[in-house]
Amino acid sequence: MKNIEFISNAYTTDELKLPMVHFESNEKDICVICIHGMCGTIIDNYFATVWGKFLAEKNIGFIYEHNRGHSIENDIVMKDGSFKRCGCMYEIFEDSIYDIDLAIETAKIKGYKRFILLGHSYGCNKVIYYYYKKRPNILGIILASAPDMIGSHLSAQSNEYKELLQEAKQNIDNGEPTKLLHKMIEDYMYMSSQTYYNWYHDGSMLNNLPVIANPKHWDQFETIDVPILTFSGAKEEDYYLHLDLLKAKALSCSNFKYKIIEGTGHTYRNKELEIGNLIYDWINKNFIER
């Protein structure tokens with residue numbers, strides 16, 4: 001492995017500066033691009049550093065992009081030197097397309113030729129939406145702990161959902177889209193009105209892994225026609241564990257592998273290297289030319 005590089009000069013087409021960590025491979029062929037989940041950072045997601053180092057030693061590049069939803073709240077530098085208030089509590093789901101575009105373009109600039117998108121948690125929803133909208137030329141998709149974002153929220157906060165959605169819509173209509181809702185979301189964080197409405201209104205594009213409701217058609221997920229690897233920790237909530245259902249709903253995917261990782265949870269503590277091997281074996285079997 002050559003080195004671990006911090007990329008600090010990359011801008012999205014809407015001019016946000018997004019930092020990345022690049023685990024460089026000696027061979028510039030395949031690169032895994034990691035899209036983190038809610039509020040994630042490379043420090044929180046220690047497992048990603050293990051995967052990045054391990055894969056780079058196997059001549060597979062790895063880029064961890066800090067997208068506009070990194071951390072709960074942050075001020076991201078714009079190309080003109082100004083700042084935009086971002087972070088998970090202010091992001092708009094559809095804007096994730098700009099972020100993933102940038103990560104893929106950066107991997108190309110670094111010399112890689114073939115790409116795999118890896119989403120963790122909420123990052124899985126972003127990767128699925130990205131593929132649905134853009135049909136990128138990628139080898140495959142890795143879904144690490146793919147969540148039902150809508151179903152889990154409605155289960156946790158069903159008594160307050162309609163009130164919060166109405167409050168969010170009213171603030172938006174009053175010209176205050178960044179105004180925070182009066183109540184914390186799932187005892188986790190406060191959320192801006194624009195983000196809550198964007199995520200949870202009827203017809204939201206975020207509703208692309210509807211495990212709990214389980215409708216007949218999963219419109220976005222059904223379009224994925226590249227190989228998929230998905231896994232979750234056995235100690236995660238129930239809605240993360242129905243990987244056989246995901247396989248059944250991946251109607252266009254003829255190469256679908258899934259695994260429950262025993263003895264660990266959402267950030268794969270003590271199982272990081274085991275999963276790194278799982279990822280490498282899947283890549284080696286499906287995409288390494290012999």
Side-chain angles (χ1 to χ4, degrees), residues 1-91 95-124 126-127 130 136 138-139 142 144 266-269 272-273 275-276 279-280 283:
M1 183 176 68
K2 287 186 177 180
N3 59 23
I4 300 173
E5 174 191 16
F6 186 78
I7 300 170
S8 59
N9 60 348
Y11 292 87
T12 62
T13 55
D14 61 341
E15 301 191 339
L16 271 68
K17 183 178 182 179
L18 298 181
M20 308 180 206
V21 181
H22 172 211
F23 298 82
E24 186 176 8
S25 167
N26 287 326
E27 295 181 8
K28 294 299 187 296
D29 182 16
I30 296 174
C31 185
V32 175
I33 295 169
C34 181
I35 307 301
H36 63 73
M38 287 180 64
C39 313
T41 70
I42 191 71
I43 296 173
D44 303 313
N45 295 166
Y46 170 71
F47 58 85
T49 68
V50 176
W51 299 348
K53 291 177 183 178
F54 178 76
L55 291 174
E57 289 168 356
K58 299 287 189 180
N59 286 319
I60 297 167
F62 189 92
I63 288 179
Y64 183 104
E65 180 191 45
H66 289 87
N67 59 60
R68 68 190 64 208
H70 79 79
S71 307
I72 291 178
E73 179 181 26
N74 62 69
D75 290 329
I76 294 182
V77 180
M78 304 289 290
K79 188 172 280 189
D80 64 3
S82 62
F83 292 85
K84 181 175 181 178
R85 179 62 51 87
C86 292
C88 190
M89 63 196 294
Y90 292 103
E91 70 174 319
D95 289 346
S96 60
I97 282 184
Y98 301 127
D99 303 345
I100 299 176
D101 272 345
L102 175 62
I104 293 174
E105 182 60 28
T106 300
K108 290 179 179 178
I109 291 170
K110 294 299 177 182
Y112 296 101
K113 301 175 182 65
R114 300 190 291 163
F115 312 98
I116 294 168
L117 291 178
L118 185 162
H120 174 246
S121 194
Y122 170 49
C124 296
K126 291 182 175 182
V127 166
Y130 185 83
I138 61 173
L139 295 175
I142 301 172
H266 195 59
T267 55
Y268 319 122
R269 185 177 179 183
E272 299 93 348
L273 192 55
I275 296 174
I279 293 170
Y280 173 72
I283 293 173

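Note that these values count all heavy atoms, side chains included, but never hydrogens, waters or copies made by symmetry. These numbers were taken from a predicted model, which means no experiment stands behind them.
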field: Full working for side chain to side chain contact (heavy atoms under 4.5 Å, CB included) between Val50 and Tyr268
entry: CA-CA 11 Å; Val50 176; Tyr268 319 122; over 6 Å; no

task: Decide yes or no for Trp51 and Ile275: does some side-chain heavy atom of the first lie under 4.5 Å from some side-chain heavy atom of the second?
output: yes

message: I'd like to know if the side chain of Ser25 and the backbone of Glu27 have a donor-acceptor N/O pair within less than 3.5 Å.
response: yes

field: Distance-minimising heavy-atom pair for Cys31 and Ala107
entry: SG-CB, 4.2 Å

task: Specify the closest pair of heavy atoms between Tyr11 and Lys79, including all atoms of both residues, with the distance to one decimal.
output: CE2-CA, 3.5 Å

message: For the CG atom of Asn59 and the OH atom of Tyr280, what is their distance to the nearest 0.5 Å?
response: 8.5 Å

statement: Across all chains, not counting sequence neighbours, the side chain to side chain donor-acceptor pair (under 3.5 Å) partners of Asp80 are Ser82

query: How are the rings of His66 and His70 set to each other: parallel, tilted or perpendicular (split at 30° and 60°)?
result: perpendicular

- prompt: If you look only at pairs with a residue in residues 102-111, which of them pass as a side-chain hydrogen bond (donor to acceptor under 3.5 Å, both in side chains), with sequence neighbours excluded?
  reply: Glu5-Lys110

statement: Asp44 meets the salt bridge (charged side-chain N to carboxylate O under 4.0 Å, His left out) criterion, sequence neighbours left out, with none

query: Can you find a heavy atom in the side chain of Phe83 that is under 4.5 Å from one in the side chain of Val77?
result: yes

- prompt: Which class fits the ring pair Phe62 and Phe23: parallel under 30°, tilted 30 to 60°, perpendicular over 60°?
  reply: perpendicular

- prompt: Can you find a pair of side-chain heavy atoms, one from Ser121 and one from His266, that are under 4.5 Å apart?
  reply: yes

message: Once salt bridge (charged side-chain N to carboxylate O under 4.0 Å, His left out) is applied, do any residues pair with Glu73, and if so which ones, sequence neighbours excluded?
response: Arg85

Pairwise distance CD1(Ile116) to CD1(Ile60) - rounded to 0.5 angstrom: 7.0 Å

task: For side chain to side chain contact (heavy atoms under 4.5 Å, CB included), just list the numbers for Glu272 and Thr49, CA-CA rounded to whole Å, side-chain angles, deciding distance to a tenth of an Å, and then say yes or no.
output: CA-CA 9 Å; Glu272 299 93 348; Thr49 68; over 6 Å; no

message: Working to the nearest 0.5 angstrom, can you tell me the gap between Ile63 CD1 and Phe115 CZ?
response: 8.5 Å

task: For the pair Tyr64 (side chain) and Thr41 (backbone), establish whether a donor and an acceptor sit closer than 3.5 Å, ignoring hydrogens and angles.
output: yes

Pairs involving residues 11-22, ordered by first then second residue, that meet salt bridge (charged side-chain N to carboxylate O under 4.0 Å, His left out) (sequence neighbours left out): Asp14-Arg68

- prompt: Roughly how far apart are Asp99 CG and Met20 CE, rounded to 0.5 Å?
  reply: 8.5 Å

- prompt: Hey, does Tyr130 have a side-chain heavy atom less than 4.5 Å from the side chain of Ser96?
  reply: no

Heavy-atom neighbours of Ile43 CD1 exceed 12 at 6.0 Å: no

- prompt: Is any side-chain heavy atom of Leu16 less than 4.5 Å from a side-chain heavy atom of Leu102?
  reply: no

- line: Tightest non-hydrogen contact, residues Gly276 and Leu55, listed as O-CD2, 4.4 Å

task: Would you sort out whether Ile283 and Val32 count as a side chain to side chain contact (heavy atoms under 4.5 Å, CB included), showing the intermediate values?
output: CA-CA 10 Å; Ile283 293 173; Val32 175; 3.8 Å; yes

- prompt: Are Val21 and Ile4 side-chain neighbours, meaning at least one heavy-atom pair lies under 4.5 Å?
  reply: yes

field: Under the salt bridge (charged side-chain N to carboxylate O under 4.0 Å, His left out) test, residues paired with Glu91 that sit two or more places apart
entry: Lys126

- request: Output the distance between atom CG (Leu139) and atom CG (Leu117), rounded to the nearest 0.5 Å.
  value: 10.0 Å

- prompt: Roughly how far, to the nearest 0.5 Å, is the NZ atom of Lys84 from the CG atom of Asp75?
  reply: 11.5 Å

